[in-house]
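The block underneath contains the structure these notes are about, expressed in structure tokens.
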There are 2 protein chains.
Amino acid sequence: MPTLPAQRTTLADVAAAAGVSVSTASLAFSGSGPIADRTRSRVLEAARTLGYAGPNPLGRQLRSGRSGIVGVVMGDALRRAFRDPVTIQVLDGLVTRLGPLGLGVLLVPGPHDASQPPVDPLLASAAMDVAVQMWGGTTDDPVLETLRNRGIPIVLVEGTPQPDVAAVGIDDRGGMAELTRHVVALGHTRIATVTLPFDRDRAEGAADEARLARIGWEITRRRLRGVTDAGVQPVVVWETPASLVEHGAAAGRALLSGDDRPTAVLCQSDLLASGVVLAARELGLRVPEDVSVAGFDGLDLPWLAPDVLTSVSQPLADKGAAIGDAVADLLTGGTAEDRVLPVSLRVGTTTGRPPA
Amino acid sequence: MPTLPAQRTTLADVAAAAGVSVSTASLAFSGSGPIADRTRSRVLEAARTLGYAGPNPLGRQLRSGRSGIVGVVMGDALRRAFRDPVTIQVLDGLVTRLGPLGLGVLLVPGPHDASQPPVDPLLASAAMDVAVQMWGGTTDDPVLETLRNRGIPIVLVEGTPQPDVAAVGIDDRGGMAELTRHVVALGHTRIATVTLPFDRDRAEGAADEARLARIGWEITRRRLRGVTDAGVQPVVVWETPASLVEHGAAAGRALLSGDDRPTAVLCQSDLLASGVVLAARELGLRVPEDVSVAGFDGLDLPWLAPDVLTSVSQPLADKGAAIGDAVADLLTGGTAEDRVLPVSLRVGTTTGRPPA
DNA sequence: GGCCTCGTTCGAATCGATTCGACCAGCCTG
DNA sequence: CAGGCTGGTCGAATCGATTCGAACGAGGCC
């Protein structure tokens, strides 16, 4: 059972013990400014005997006006966001990039369920030098509004481009177009697509025209555009409430049950695609002989082995690093350029010629 | 391209604009202390017109001595930690619990590769009121040492109990014993186990006596003890470098290839177990007719469907909440009791009678 | 009418560091 | 030997809020 220390020793204590002024003691730790080696070691020695573990970050932060913290706002409840390997890997890339800069990542829950207060207390009042919004981010997003109001610079990942935020994304549209052309080249004409959520409503099922006209989330719209860019009108556009295997499986069961089923299913994520593959197997359909399935993201999915999903690979760790770069730019220069990363088609074993 | 605000407006500006003193303005925001309604609304009005979004957290933190931040140290590179659904779900439970308390989670990378500095800069100097070590945590852990030195109270999850840290864990040993008894009751005698890493070395392969004598990580040791508690001497103890499907698959291939293969494989995690199941299928073995496989954690693994892994369910979200409670106790009372959560056996479809 | 009290508001100290300009001694140069 | 420079140290101001005790005005009571 640990106990809180009675009284932290401060830099002033150390200075007194070493017989120097506080400012000199500060110099001994920060390394900035001139200080004699002998003096420094005397201060360090005093610190050691007093059990002083270095300057209190709170004091330093107030003075410098910097907290060294990057708030990462998940576009969804953490529970769900964390189940998405894409988000996780990007986050990992980000942390890896930020670490050497001495910046830490603070997890900020995104929009809660309706039962919760609309704006998370952390979002409203935690200290952060920059915020990263990982998903969603429409123009009228309350998260963005709060951050703007607080004067916190924003990096928006896969969101709607806006004048005062730095955007990081990938070539969704081009990648999806390339994937679609690959499937078309194989001879498919009856093509369905399974999409990411349209907006916060997170509906599930085939989308009608009206629904299609109101896609709030940029990422979903762009990947859908990629399909039409390649000249394909999907026979069905199936919306899912989240990028998870089970929602893909549900979509697969619905799309592949009928007699006039599509010969190819293009999914906006690999998790959705693997759900479709599982559903197909469950229905006794062979992939790709009876139906071709493709995803997006380029994940390694060990449980589909020996199959390899045909997919659009995006550089996840690089995306995290790019976000980190944008953060660094914002912090040093005050501005950051938009960043768009390239993607590449990965042809696997889940796509082939349509059944005769 | 966002720009850093030229000059943040401070509480003093707001006070001046409202024609009150700084202390009164502070009262208007904090709500503590008496203040006339008219005065408060005047201050709030002034704040609004000045675009003041509330007290600067840095100032407040310095004064209060609290940062409102809980550092979570992953016992591994984030890259790997994040791929583990167990860690993720616990983290989610923790964040959910901490949010309403106004506490945020700061991700602190754990022990890096050997190429990196031994102690992460964040660990050494980021502001945090309490630290949570998620994995590992032996007595001589450099992470714990650094935290102790900084005087930061510690919550240790699944680590080695130590006098000055609050421990949170589950009944590993009892759960594994129960699982083992279940398999024994089915008639199995040739039982192998696939374990979590023994220590930072992360070796892979069958462990000999010498290796078995030096298991550094408590969680691995406890789950192994559970097996022997049930009176079983495993025919092989296979160590893995991480709890991932691919390492389980490698273990499965190695264990199930020979003629004198075990009839049951007990794994210390569900991810490892599902790797073993995949390897078995790959080798043409039926589960559970030819070989029984069991895991630990009680995860939902949609891609094993329609199979359900026999496993030991642990309450992951509750574990996160328990960690949050320990953190809260530490912050208010200065001490926290150890917490041990119960587990329960989940009998699925992957265990059955041994082949005749 | 004077005094006490209650409800508000204000001033000043404080949290723990960083940093800028002043200052001082010693050394180099003219 | 005087003046100038430089490396090293120190004082004091500052970052932005919170908080405690003092002060103050108004209303109630004796």
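Below, chains carry the letters A, B, ... as their sequence lines are ordered, and counting in each starts from 1.
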Please list, by residue number, the residues of residues 48-55 of chain B whose heavy atoms come closer than 4.0 Å to an atom of DNA chain D; answer none if no residue qualifies. B/Y52, B/P55
Holding to side-chain contact (heavy atoms from CB on, under 4.5 Å), I want the full list of residues that pass it with A/Q89, two or more places apart in sequence or in another chain. A/P85, A/L299, A/L316
For B/R63, enumerate each residue passing the salt bridge (charged side-chain N to carboxylate O under 4.0 Å, His left out) test, keeping only those at least two apart in sequence or located in another chain. none
Could you tell me how far apart B/R66 (CZ) and D/dT18 (C1') are, to the nearest whole angstrom? 15 Å
Can you list every pair that meets salt bridge (charged side-chain N to carboxylate O under 4.0 Å, His left out) and has a residue in residues 15-44 of chain B, with sequence neighbours left out? B/D37-B/R40
Is there a side-chain contact between B/V108 and B/M74, using heavy atoms and a 4.5 Å cut-off? no
Listed partners of A/A167 passing side-chain contact (heavy atoms from CB on, under 4.5 Å), at least two apart: A/D338
Between the two end axes of the helix from C/dG1-D/dC30 to C/dG30-D/dC1, each built from 5 base pairs, what angle do you get to the nearest 10°? 50°
Please encode protein proximity along nucleotides 21-27 of chain D as a string of B, S and -, counting only heavy-atom distances under 4.0 Å. -------
Among residues at least two apart in sequence or on other chains, which ones pass side chain to side chain donor-acceptor pair (under 3.5 Å) with B/S67? B/D129
Which pairs, with at least one residue in residues 47-62 of chain A and sequence neighbours excluded, count as a side-chain hydrogen bond (donor to acceptor under 3.5 Å, both in side chains)? A/E45-A/R48
Could you tell me the separation between the CZ atom of B/F29 and the P atom of D/dT18, rounded to a whole number of Å? 9 Å
Not counting sequence neighbours, which residues clear side chain to side chain donor-acceptor pair (under 3.5 Å) with B/D329? List them please. B/R339
Under 3.5 Å, which donor-acceptor pairs do the side chains of residues 317-325 of chain A form with other protein atoms, sequence neighbours left out?
from   : atom 1 : to     : atom 2 : distance (Å)
A/K319 : NZ     : A/E158 : OE2    : 2.6
A/K319 : NZ     : A/Q314 : OE1    : 2.9
A/D325 : OD1    : A/R97  : NE     : 2.8
A/D325 : OD1    : A/R97  : NH2    : 2.8
A/D325 : OD2    : A/R97  : NH2    : 3.0

Output one letter per nucleotide in nucleotides 5-15 of chain D: B when a protein non-hydrogen atom lies under 4.0 Å from the base, S when only the sugar-phosphate is that close, - when neither is. ---SBBB-BBB
What I'd like to find out is whether the side chain of B/P55 reaches to under 4.5 Å of the side chain of B/L11, using heavy atoms alone. no
